[in-house]
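Report on the following structure.
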Amino acid sequence: MKLVYAIINNDDSHAVSSALMNNGFQTTKLVSTGGFLMSGNTTFLLCADDSQVDEIINVIKEHSNKRKQFVPNAASYGDGSYSSFPVEVSVGGATIFVTDIERFEKV
């Protein structure tokens, strides 16, 4: 058995959750925050047989999209002054971890 951790941007959370349920996968959802942009994420936890992991990852990939976003960036100049200008970054998509499970019980 495997435990799949999938960190999804909140913009894609509903689509991923619905797709996983429609494909018969039960999930636990946790609210999380990204460290870089400090934006909202949802972390999904799924327990699955080894043979289901690729299907789970494909469902997540299909419903979590990368997109570009502008975020403020502060630049320092030699005279001690700062200027803020937007920088384009890539957001969304999914970060997925798969780990072995030694024991699983649902009571």
Side-chain angles (χ1 to χ4, degrees):
M1 293 208 85
K2 301 290 186 189
L3 178 60
V4 179
Y5 300 86
I7 304 167
I8 310 294
N9 186 283
N10 275 349
D11 293 341
D12 299 322
S13 176
H14 181 71
V16 169
S17 180
S18 295
L20 289 168
M21 283 188 353
N22 290 339
N23 283 278
F25 299 112
Q26 296 180 350
T27 67
T28 297
K29 295 186 338 181
L30 305 172
V31 175
S32 55
T33 302
F36 176 60
L37 297 176
M38 303 303 285
S39 62
N41 295 318
T42 301
T43 300
F44 291 89
L45 305 176
L46 299 97
C47 186
D49 290 325
D50 293 16
S51 62
Q52 297 175 306
V53 171
D54 288 334
E55 183 181 357
I56 289 169
I57 291 172
N58 287 334
V59 169
I60 292 168
K61 282 182 181 178
E62 185 178 332
H63 294 89
S64 55
N65 303 304
K66 284 196 172 211
R67 53 198 155 275
K68 300 290 185 182
Q69 176 179 324
F70 285 97
V71 297
N73 181 29
S76 173
Y77 298 104
D79 61 1
S81 64
Y82 290 88
S83 175
S84 180
F85 58 92
V87 174
E88 187 177 51
V89 296
S90 181
V91 298
T95 302
I96 303 169
F97 301 91
V98 180
T99 61
D100 289 324
I101 294 180
E102 190 172 312
R103 181 176 173 171
F104 174 75
E105 291 184 34
K106 190 169 184 176
V107 293

**OP:** Find out if a path of hydrophobic residues (ILVMFWY) with successive side-chain heavy-atom gaps under 4.5 Å connects Ile8 to Val31.
**Re:** no
Original post:
Cluster question for you: counting only ILVMFWY and a side-chain heavy-atom cut-off of under 4.5 Å, with indirect links fine, are Phe44 and Phe97 together?
Top reply: no
**OP:** Report the C-alpha separation of Ile101 and Cys47 in whole Å, then their side-chain angles, then the decisive distance to 0.1 Å, and conclude whether the side chain to side chain contact (heavy atoms under 4.5 Å, CB included) test is met.
**Re:** CA-CA 8 Å; Ile101 294 180; Cys47 186; 3.3 Å; yes
Would you give me the side-chain donor-acceptor pairs under 3.5 Å for residues 53-63, sequence neighbours excluded?
from	atom 1	to	atom 2	distance (Å)
Asn58	ND2	Asp54	O	3.2
His63	ND1	Val59	O	3.0

**OP:** Compare every heavy atom of Ser64 with every heavy atom of Gly93, then report the nearest pair and how far apart it is.
**Re:** O-CB, 3.6 Å
Original post:
Considering all heavy atoms of both residues, which atom of Asp12 and which atom of Asn65 are nearest to each other, and what is their separation?
Top reply: OD2-N, 3.1 Å
Acceptor/donor pairs from residues 21-30 side chains to any protein atom, 3.5 angstrom cut, sequence neighbours excluded:
from	atom 1	to	atom 2	distance (Å)
Asn22	ND2	Ser18	O	3.2
Asn23	ND2	Ala19	O	2.7
Gln26	OE1	Lys106	NZ	2.6

**OP:** Only counting residues at least two apart or in another chain, list the ones meeting side-chain contact (heavy atoms from CB on, under 4.5 Å) with Ser51.
**Re:** Asp49
Original post:
Any side-chain heavy atom of Val4 within less than 4.5 Å of one from Ile96?
Top reply: yes
Original post:
Should Tyr5 and Thr95 count as side-chain neighbours, where that means a heavy-atom distance under 4.5 Å?
Top reply: no
Subject >> Set of salt bridge (Lys or Arg N to Asp or Glu O under 4.0 Å) partners for Asp50, sequence neighbours left out >> reply: none
Subject >> From CA spacing to verdict: side chain to side chain contact (heavy atoms under 4.5 Å, CB included), Val98, Leu3 >> reply: CA-CA 6 Å; Val98 180; Leu3 178 60; over 6 Å; no
**OP:** Can you sort out the partners of Ser17 under side-chain hydrogen bond (donor to acceptor under 3.5 Å, both in side chains), two or more places apart, ordered by chain and number?
**Re:** none
**OP:** Please determine, by modelled atom types, if Ser32 and Asn41 share a side-chain donor-acceptor pair under 3.5 angstrom.
**Re:** no
